[in-house]
Structures are given as C-alpha cells and as structure tokens.
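Proteins come first, then strands; the chains are lettered A, B, ... in the order of their sequence lines, and each starts at number 1.
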Number of protein chains: 2
Amino acid sequence: MSEPLDPMMFSGCGPVPLHIRFGNKWTGKILACLKTGRRRFSELQVPLRGITPKVLAESLRGLERDGFIKRTTYPGVPLRVEYELTPLGFSLLEPMEAWCKWAEEHLPEVQNIHEEATARSAV
Amino acid sequence: MSEPLDPMMFSGCGPVPLHIRFGNKWTGKILACLKTGRRRFSELQVPLRGITPKVLAESLRGLERDGFIKRTTYPGVPLRVEYELTPLGFSLLEPMEAWCKWAEEHLPEVQNIHEEATARSAV
DNA sequence: CAGTATCCCAGAGGATACTG
DNA sequence: CAGTATCCTCTGGGATACTG
C-alpha cells in the first residue's frame with residue numbers, strides 16, 4: 001500500500017489486469033461515448049467509426065458482465081435498447097483522463113522522437 | 001481541449017494510442033521495475049517472472065525507440081548493459097499510478113461483481 | 001551476460017451475410 | 001433496430017535452442 005506502482009500491483013488488478021482490460025481498440029472509446037448519457041446500439045456505431053456490429057456487441061456484453069455499463073431493453077417494434085454507464089463505469093473516467101492529460105502534455109515530445117526515429121531508419 | 005475524454009483523443013495519442021501502447025502484458029511492469037534505478041537485462045528477468053529473453057528484448061527495444069528508456073553498454077567481458085528511465089519514461093508513472101489507485105479503491109467491488117457473474121453462470 | 005533465431009498458437013478484431 | 005453466425009487474418013507472446 002505504501003509503494004504504488006509495485007510491479008505486483010499490475011497482476012493484482014482483478015482477473016484480468018486493468019491496463020489490459022482497457023488496452024484494446026474499442027473499450028475506452030465506448031465508455032467515452034457513454035459519459036454524456038445513455039445511447040442506443042446504433043447511436044454508438046456512429047461515433048465509433050468502423051466498428052462492426054459483432055465487435056460492438058461483444059464489447060458491450062463484456063462491459064455489462066463486468067459491471068461497467070447497464071443494458072436496458074424497451075419492448076416494442078422496432079426494438080429499443082439503451083446502454084448507460086454504472087457508477088463503477090463512471091469511476092473509470094478518472095484514470096482514463098490521466099492518460100489524456102499525459103498525451104496533451106507530452107504528445108509534441110513523443111512526436112519529435114518518432115520523427116527522429118523515422119529519419120534515422122530512412123538513412 | 002475543453003473536453004477531456006473526447007472519443008477522438010484516444011486516436012490522437014501518437015502513432016499508436018497510448019492506452020494500447022501500454023495495454024500489453026509487460027510494458028508497464030518493465031517501467032515499474034526501472035522506476036527505482038538502472039537495471040541490467042538479467043536483473044529485469046528476475047522480477048518479471050516468466051518473461052522470455054526474446055520478449056524482454058523486443059519490449060526494451062520498443063521502449064528505447066519511443067524514448068521511454070535509455071540503453072547504455074559497458075564494453076568488456078562479460079558484457080554489461082544497463083537500462084534506465086528517461087524523463088519522459090518517468091512521466092508515465094503518473095497515469096500508471098492513476099490505474100493503480102483505481103484498482104485499490106474499486107477492486108473489492110469488481111471482485112464481487114465477478115463472483116456474482118460466476119455464480120449466475122454456474123446455475 | 002545479453003541477447004538472436006525459429007517455430008508455434010490463441011485470441012482480438014475485421015468482412016460479409018443473415019435474423020427475431 | 002439490434003443484434004448473430006461464419007470465416008479469416010494478423011500479431012502478441014510463449015517454447016526452445018543457439019551465439020557474439
């Protein structure tokens with residue numbers, strides 16, 4: 001508890017380490033899309049340009065199973081389903097913002113390094 | 001800039017989004033092992049239980065290429081090589097600690113949810 | 001000591017088509 | 001509308017063995 005960032009902490013973040021659970025292409029974006037309120041399946045597909053229905057459905061199932069979002073169905077035709085963040089899901093926004101803050105502060109530096117590396121390998 | 005966590009930010013985190021760059025099995029652990037000082041290749045293999053030399057070498061080269069660590073060789077026999085965090089590498093510890101903080105605060109809740117899900121699927 | 005060289009596999013995720 | 005069903009590819013990462 002006194003030593004944050006002990007290597008062991010990374011393997012202690014639940015059944016799947018936290019940074020791996022969210023270290024994929026869509027999970028973080030889905031949560032970000034839900035932070036302003038409930039959204040329907042098709043409403044999520046718009047901002048998440050390029051996601052296929054299969055992958056979106058799989059991702060949503062996983063987030064629901066882990067308690068990060070809640071799924072509500074409204075019977076009727078046409079079918080209506082809405083997804084929203086749970087309090088636990090909202091709490092994830094904080095660590096996610098830490099990454100964004102880092103990116104804002106260090107992105108120019110990172111890009112310089114990347115350009116230099118590209119230039120070197122082009123020689 | 002006014003809207004942190006805009007979905008677009010995730011795709012703007014460098015050539016590879018930040019959360020994906022560090023959303024793998026070893027990268028974060030390697031940085032954590034280096035936060036207390038320089039380490040040799042074989043010294044890293046000890047805390048990183050189970051990592052193969054191939055994967056460790058690949059990971060270190062990637063971190064070096066991206067400017068997060070610095071590699072120093074000391075000629076002689078036997079060969080001596082040391083790795084250390086750069087200032088940029090150190091700066092990553094902050095967002096990584098945000099994940100650990102989240103885990104500390106929410107892990108019990110996450111585990112409850114996981115156990116309930118396991119119990120449900122066992123019915 | 002500090003790595004390379006091969007081979008291999010599971011799973012994330014895309015393309016496409018179909019359905020209650 | 002809100003998904004499923006198939007099929008396929010690509011790559012992170014492991015096992016094992018070898019080298020300057």
Side-chain angles (χ1 to χ4, degrees), chain A residues 7 10-11 14-31 33-34 37-66 68-84, chain B residues 7 10-11 14-31 33-34 37-66 68-84:
Chain A
F10 285 93
S11 46
V16 171
L18 194 61
H19 66 291
I20 292 183
R21 178 69 181 80
F22 292 93
N24 56 51
K25 188 166 177 181
W26 298 110
T27 305
K29 293 191 185 189
I30 292 171
L31 295 181
C33 289
L34 291 173
R38 11 176 73 199
R39 293 283 182 276
R40 307 174 61 167
F41 192 90
S42 54
E43 287 173 338
L44 288 170
Q45 284 182 293
V46 178
L48 301 171
R49 299 201 149 256
I51 197 170
T52 61
K54 179 202 149 202
V55 172
L56 178 55
E58 284 172 355
S59 304
L60 290 170
R61 289 289 115 65
L63 287 170
E64 190 192 4
R65 172 181 42 76
D66 293 345
F68 299 127
I69 64 175
K70 181 160 159 280
R71 178 180 185 271
T72 314
T73 57
Y74 302 88
V77 178
L79 196 53
R80 182 183 185 87
V81 179
E82 285 187 346
Y83 297 92
E84 62 187 312
Chain B
F10 285 91
S11 46
V16 171
L18 195 61
H19 65 291
I20 292 183
R21 179 68 181 81
F22 292 93
N24 56 51
K25 188 165 177 180
W26 297 111
T27 304
K29 293 191 184 188
I30 292 170
L31 295 181
C33 289
L34 290 173
R38 9 177 74 200
R39 293 284 183 276
R40 306 175 60 166
F41 192 90
S42 54
E43 288 173 337
L44 288 170
Q45 284 182 293
V46 177
L48 302 170
R49 297 200 150 255
I51 197 170
T52 61
K54 178 203 149 201
V55 172
L56 179 54
E58 284 172 355
S59 305
L60 289 169
R61 254 176 277 116
L63 288 170
E64 191 192 3
R65 170 180 42 76
D66 293 345
F68 298 126
I69 64 175
K70 182 160 160 278
R71 178 179 184 271
T72 314
T73 58
Y74 303 87
V77 178
L79 196 53
R80 182 182 185 87
V81 179
E82 284 187 348
Y83 297 91
E84 62 187 313

In dot-bracket notation, what is the pairing pattern of DNA chain D, taking Watson-Crick (N1-N3 plus N6-O4 or O6-N4) and G-U wobble (N1-O2 and O6-N3) contacts under 3.5 Å, with [ ] crossing and | for other strands?
||||||||||||||||||||
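At whole-Å resolution of the value, CG in A:L44 and C1' in D:dA2 are 12 Å apart. Taking atom CG of B:L79 as the reference point, atom P of C:dC1 lies 11 Å away to the nearest angstrom. Rounded to whole Å, the distance from CG on A:L60 to P on C:dG13 is 13 Å. At whole-Å resolution of the value, CZ in A:R39 and C1' in D:dC1 are 17 Å apart. Per the geometry, CZ belonging to A:R80 stands 19 Å off C1' belonging to C:dG20, to the nearest Å.
Minimum interatomic distance between B:R49 and B:V46 (heavy atoms only, all atoms of both residues): CG-O, 3.5 Å. Here the closest non-hydrogen pair linking A:T27 and A:L63 is CG2-CD2, 3.7 Å.
Between A:R71 and D:dG3 there is a side-chain N or O to OP1 or OP2 distance below 4.0 Å. Taking side-chain N and O atoms only, A:S42 has a distance below 4.0 Å to OP1 or OP2 of D:dA2. The shortest distance between the side-chain N/O atoms of A:R40 and the OP1/OP2 oxygens of D:dA2 is below 4.0 Å.
At a threshold of 4.0 angstrom between heavy atoms, the contacts of A:Y74 with the nucleic acid are absent.
By the 4.5 Å heavy-atom criterion applied to side chains, B:V81 and B:F41 are not counted as neighbours. Side-chain contact check for A:L56 versus A:Q45: some heavy-atom pair is nearer than 4.5 Å.
Applying the side chain to side chain contact (heavy atoms under 4.5 Å, CB included) rule to A:T72 yields the partners A:R38, A:K70, A:Y74, A:E84; only residues at least two apart in sequence or on another chain are considered. Residues satisfying the salt bridge (charged side-chain N to carboxylate O under 4.0 Å, His left out) criterion with B:R21, sequence neighbours excluded, are B:D66. For B:F22, the ring pair (Phe, Tyr, Trp, His ring centres under 6.0 Å) criterion is met by A:W99, B:F68, not counting sequence neighbours.
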What string of B, S and - do you get for nucleotides 4-18 of chain D 5' to 3' if you count protein non-hydrogen atoms under 4.0 Å?
BBBB-----BBB---
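Among residues at least two apart or in separate chains, there is no side-chain hydrogen bond (donor to acceptor under 3.5 Å, both in side chains) pair with a member in residues 50-65 of chain A.
Of the inter-residue distances, the one linking B:T73 atom OG1 with B:E82 atom CD reads 10.5 Å to the nearest 0.5 angstrom.
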